[in-house]
Amino acid sequence: DAMVIQNPRYQVTQFGKPVTLSCSQTLNHNVMYWYQQKSSQAPKLLFHYYDKDFNNEADTPDNFQSRRPNTSFCFLDIRSPGLGDAAMYLCATSTWTSGRGTYNEQFFGPGTRLTVL
Amino acid sequence: AQRVTQPEKLLSVFKGAPVELKCNYSYSGSPELFWYVQYSRQRLQLLLRHISRESIKGFTADLNKGETSFHLKKPFAQEEDSAMYYCALSGLGGSQGNLIFGKGTKLSVKP
C-alpha cells in the first residue's frame with residue numbers, strides 16, 4: 001500500500017544532542033510537511049517542501065532544520081534539542097498543482113514521539 | 001490572524017444519540033475547511049472537506065461563512081466513532097495547502 005512512513009516511531013535523545021527524524025513516502029507526492037504536536041495541542045506546521053523548494057514557517061525556531069534529498073525522503077534535524085522540544089512529530093504529504101489553487105488531502109505518517117532527557 | 005477554535009476538549013454521548021462537534025474559524029479570505037480524525041493507535045486521516053459536500057461515515061459538515069463555523073454532525077453516533085477529531089483550515093493564496101489545526105475534540109461514544 002502506498003503510504004507515509006516515519007522512523008523511528010519513538011526516539012529518545014539527550015538535552016543538546018542532535019537528532020534526526022526521517023520520513024519516507026511511496027505516494028510520489030510533491031509536497032512534504034513536518035508538524036510538531038505537543039500534548040493536548042494542535043499539530044503545528046514547522047515547514048514544508050514543495051518539490052525541492054523549502055518553506056519555513058515564520059515562528060519555527062532555527063534549531064529545527066530539514067532536508068529533502070529526493071521526492072521520497074524528508075528529514076527533520078533538531079540541532080540542539082531542549083526539553084521543550086519533546087513532542088510528537090508528524091510528517092505529511094500531499095499534491096499541489098501550482099496555478100490551479102487546488103488543495104488536496106494531506107496523508108499523515110504515524111508520527112515519531114521524541115523524548116528529551 | 002488565522003485561527004481554528006474547537007471549544008470542546010471532550011464530548012461524551014451515548015450510542016444512537018446525535019453528535020455535533022463545534023468548529024469556528026478566523027480567516028480574512030476564503031478558506032477551505034477540513035475535518036481530520038484520529039482513531040486509537042491510527043494515524044491522522046481526512047474525514048471530509050467542505051468543498052466535497054459529501055457524507056462520510058454518516059458525518060456531514062456545512063460551512064457557514066456568516067457564523068464562520070464548520071460544525072461536524074452525525075444524527076446517530078456509533079461506538080466506532082470514538083476518536084480524536086480535528087478541524088483544520090487552509091487558505092487560498094497560502095502556500096501549498098498548509099493546514100492550521102484546532103486543538104481537537106475527543107469524542108467518546110458510550111454503549
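Quick note: numbers below take in every heavy atom, side chains included, and nothing from hydrogens, waters or symmetry partners. Here is the naming used below: chain letters follow the sequence lines, and residue numbers restart at 1 for every chain.
- Between the side chain of B:Y86 and the main chain of A:P43, no donor-acceptor pair closer than 3.5 Å is present.
- Clustering ILVMFWY residues whenever any of their side-chain heavy atoms sit less than 4.5 angstrom apart, transitively, puts A:F47 in a cluster other than the one holding A:F73.
- For B:K9, the part lying near chain A is the side chain, with the backbone staying farther off; criterion is any non-hydrogen pair under 4.5 Å.
- Once rounded to the nearest 0.5 Å, the distance linking OH of A:Y35 with CG of B:L99 reads 4.0 Å.
- Listed options A:P110, A:A92, A:G111 were ranked by heavy-atom pairs under 4.5 angstrom with chain B; first place goes to A:P110.
- Contact annotation for residues 74-85 of chain B against chain A (heavy-atom separation below 4.5 Å): no residues qualify.
- The environment of NZ in B:K73 is sparse: at most 12 heavy-atom neighbours from other residues, nucleotides or ligands sit within 6.0 Å.
- Shown here are the salt bridge (Lys or Arg N to Asp or Glu O under 4.0 Å) partners of A:D62, two or more places apart in sequence or in another chain: there are none.
- Residue-environment remark: CZ (A:R67) exceeds the threshold of 12 foreign heavy atoms within 6.0 Å.
- When the side chains of ILVMFWY residues are joined at heavy-atom separations under 4.5 Å, either directly or via intervening members, A:F75 and A:L46 end up in two distinct hydrophobic clusters.
- Surrounding CD of B:E20 are more than 12 heavy atoms belonging to other residues, nucleotides or ligands, all under 6.0 Å away.
- The two residues B:G102 and A:A42 have their closest heavy-atom pair at O-CB, 3.0 Å.
- Within a 6.0 Å radius of NZ in B:K106, no more than 12 heavy atoms belonging to other residues, nucleotides or ligands are found.
- Atoms CZ and CD, from B:F101 and A:Q41 in turn, are 14.0 Å apart once rounded to the nearest 0.5 Å.
- Cluster membership check: B:I100 does not share its hydrophobic cluster with A:M32, using side-chain heavy-atom separations under 4.5 Å among Ile, Leu, Val, Met, Phe, Trp and Tyr.
- Note on A:L83 and A:L114: same hydrophobic cluster, where clusters join Ile, Leu, Val, Met, Phe, Trp and Tyr whose side-chain heavy atoms are under 4.5 Å apart, directly or indirectly.
- In this structure, the separation between CG on B:L44 and CD on A:Q37 is 7.5 Å, given to the nearest 0.5 Å.
- Taking every heavy atom of both residues into account, A:E105 and B:R49 meet most closely at N-NH1, 3.8 Å.
- Surrounding CZ of B:F14 are at most 12 heavy atoms belonging to other residues, nucleotides or ligands under 6.0 Å away.
- Across all non-hydrogen atoms, the minimal contact from B:R43 to A:V4 is NH1-O, 2.7 Å.
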